[in-house]
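Read the numbers this way: they start at 1 and go in the same order the structure lists the ligands and their atoms. In this text, all values refer to a predicted model and were calculated from it rather than measured experimentally.
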Amino acid sequence: MVLGIESTAHTFAASVVSGEGAILSDVRDAYRAPEGAGIHPREASRHHAEVAPSVVRKALLDAGAGMEEMSAVAYSAGPGLGPCLRVGAVVARALSSYYSRPLVPVNHAVGHIELAALLTAASDPACVLVSGGHTAIVAAAGSRWRFFGETLDITIGQLFDQFGRHLGLASPCGPAVEAMASGATKYLPVPYTVKGNDMSFSGALTHAKRLLDRERKEDVAYSLQETAMAMLCETTERALAFTEKKELMVAGGVAANRRLAAMLGDVCGRQGARLMVPDGKFAGDCGPQIAWLGARLFSSGVSCSPEEGYVRQSWRLDEVEVPWRGC
Ligand code: AMP
Ligand code: MG
């Protein structure tokens, strides 16, 4: 069993996962930003420090296990907000040191992808990773997840969150923007920016905010969602055609968006691929993504001492060796 600790952004979470991939516990506590505001890193890290002891204790209790039974302690080492990452790292280092358990630093983005692969039983997928921190299309080659398209500026999660916050909503705003879009009566043109196989969302955001001065918010939300999802689908389709992968996974919080699933379903239909979407409960930030990838890395020989348990605010997912993938 491996204990995993997640603390990259809004959520502090802990989970115990077995080496075979059984999720034995999953405990979360999320910091809520005030309405109209984004995550304040210092406030979020205070929240994490307050809830950490009870979240970790409950994760072990729910799993019916003690620290002595953990083979390793995995933690999200990045990418993420520095103050938030440091809380998870300090908790993991303390447990590792006190109980003499190896520490496994985990890349949060690879955690999203590997958990989605576990839950969907995908064997060799392309993956659309869409979250607050990422917008990327990746596929495994040569023991790493490689980029086949990504955002050049803000992520698609930030696009919906910043649009929603402009309307005075509380982050994360994706579900509210999706609900708002369902009340639309017309499509309004929004800048569509695909460069090579990369996307840019900041122009669409600026334009959508301006449209709100003269158009119904439902129509603007719908137009923004349609345009952003279409950009993602164009780049995903090109990546699928190029890599010839026959499975397409969606991972990250935006995977919960039903319109995205429908549009990607059309992409898969055209490319002869199977769409594999994990249970929405595990799409966003959670402990199992860290515990499961930690378990896989640990069985591949990855671990470090408490003194080496650093955090890396910027850590690209294609820097991580995943020996069980794409040889
Ligand atoms: P994560 O960073 O993986 O926890 O994902 C959080 C992001 O997913 C936030 O930016 C949310 O606004 C976004 N999100 C969650 N649900 C939806 C949805 N139904 N539609 C669009 N975005 C969503
Ligand atoms: Mg995430």
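Backbone and side-chain nitrogen or oxygen atoms of F160 are examined, and none is located within less than 3.5 angstrom of a nitrogen or oxygen of ligand 1. At a 3.5 angstrom cut-off on N or O pairs, G252 does not count as close to ligand 1. Looking at Q158 next to ligand 1, no N or O pair under 3.5 Å apart turns up.
For atom 1 (P) of ligand 1, the closest heavy atom belonging to the protein is D285 OD1, 3.4 Å. Nearest to atom 11 (C) of ligand 1 among the protein's heavy atoms is P172 CB, 3.6 Å. When only non-hydrogen protein atoms are considered, atom 22 (N) of ligand 1 lies nearest to G174 CA, 3.4 Å. Residue, atom and distance of the protein heavy atom nearest to atom 13 (C) of ligand 1 are V254 CG2, 3.8 Å. In terms of protein heavy-atom proximity, atom 20 (N) of ligand 1 is nearest to N257 ND2, 3.0 Å.
For a distance bound of 2.8 Å, the N, O or S atoms of H112 include one lying that close to the Mg ion (ligand 2).
Of the heavy atoms in R258, none comes closer than 4.0 Å to ligand 1. By the criterion of a heavy-atom distance under 4.0 Å, the side chain of D161, and not its backbone, is placed next to ligand 1.
Residue contacts with ligand 1: H10 is included, with a non-hydrogen atom under 4.0 Å away. Heavy atoms of Q225 stay at 4.0 angstrom or farther from ligand 1.
A donor-acceptor pair is defined here as one N or O able to donate and one able to accept, closer than 3.5 Å; no such pair exists between the side chain of D62 and the backbone of S25.
Summarising the geometry, atom OH belonging to Y187 is positioned 9.0 Å from atom CG belonging to L224; distances are rounded to the nearest 0.5 Å. The distance from atom CG of N107 to atom CD of E321, rounded to the nearest 0.5 Å, is 12.5 Å. With rounding to the nearest 0.5 angstrom, the CD atom of Q158 is 10.5 Å from the NE2 atom of H134.
Residues T11 and D285 bring no donor and acceptor atom of their side chains to less than 3.5 Å of each other. For E114 and W324, the side-chain atoms include at least one donor-acceptor pair closer than 3.5 Å. Residues S76 and E6 bring a donor and an acceptor atom of their side chains to less than 3.5 Å of each other.
Between D318 and R316 a salt bridge is recorded (basic side-chain N to carboxylate O distance below 4.0 Å).
With contacts defined as side-chain heavy-atom distances shorter than 4.5 Å, the pair S171/R165 qualifies. A 4.5 Å side-chain heavy-atom check between V73 and V2 finds every atom pair outside the cut-off.
I290 and I5 fall into different hydrophobic clusters, where Ile, Leu, Val, Met, Phe, Trp and Tyr are joined by side-chain heavy atoms under 4.5 Å apart, directly or via other members.
Rounded to 10°, the angle that OD1 of D285 and NE2 of H108 form at the Mg ion (ligand 2) is 90°.
Atoms of ligand 1 found under 4.0 Å from any heavy atom of E178 (numbered from 1 in listed order, with element): 18 (C), 19 (N), 20 (N). For ligand 1, the atoms closer than 4.0 angstrom to any heavy atom of H112 are 3 (O). Ligand-side atoms of ligand 1 in range of G157: 10 (O), range being under 4.0 angstrom from any heavy atom.
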Determine, step by step, whether Y192 and V194 satisfy the side-chain contact (heavy atoms from CB on, under 4.5 Å) criterion, reporting the C-alpha distance in whole Å, the side-chain angles of both residues, the deciding distance to 0.1 Å, and the verdict.
CA-CA 7 Å; Y192 179 102; V194 170; 3.7 Å; yes
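Taking only non-hydrogen atoms, the option from A30, G132, A109 nearest to atom 6 (C) of ligand 1 is G132. For the residues G284, G280, C173, G253, the heavy atom positioned nearest atom 5 (O) of ligand 1 is part of G253.
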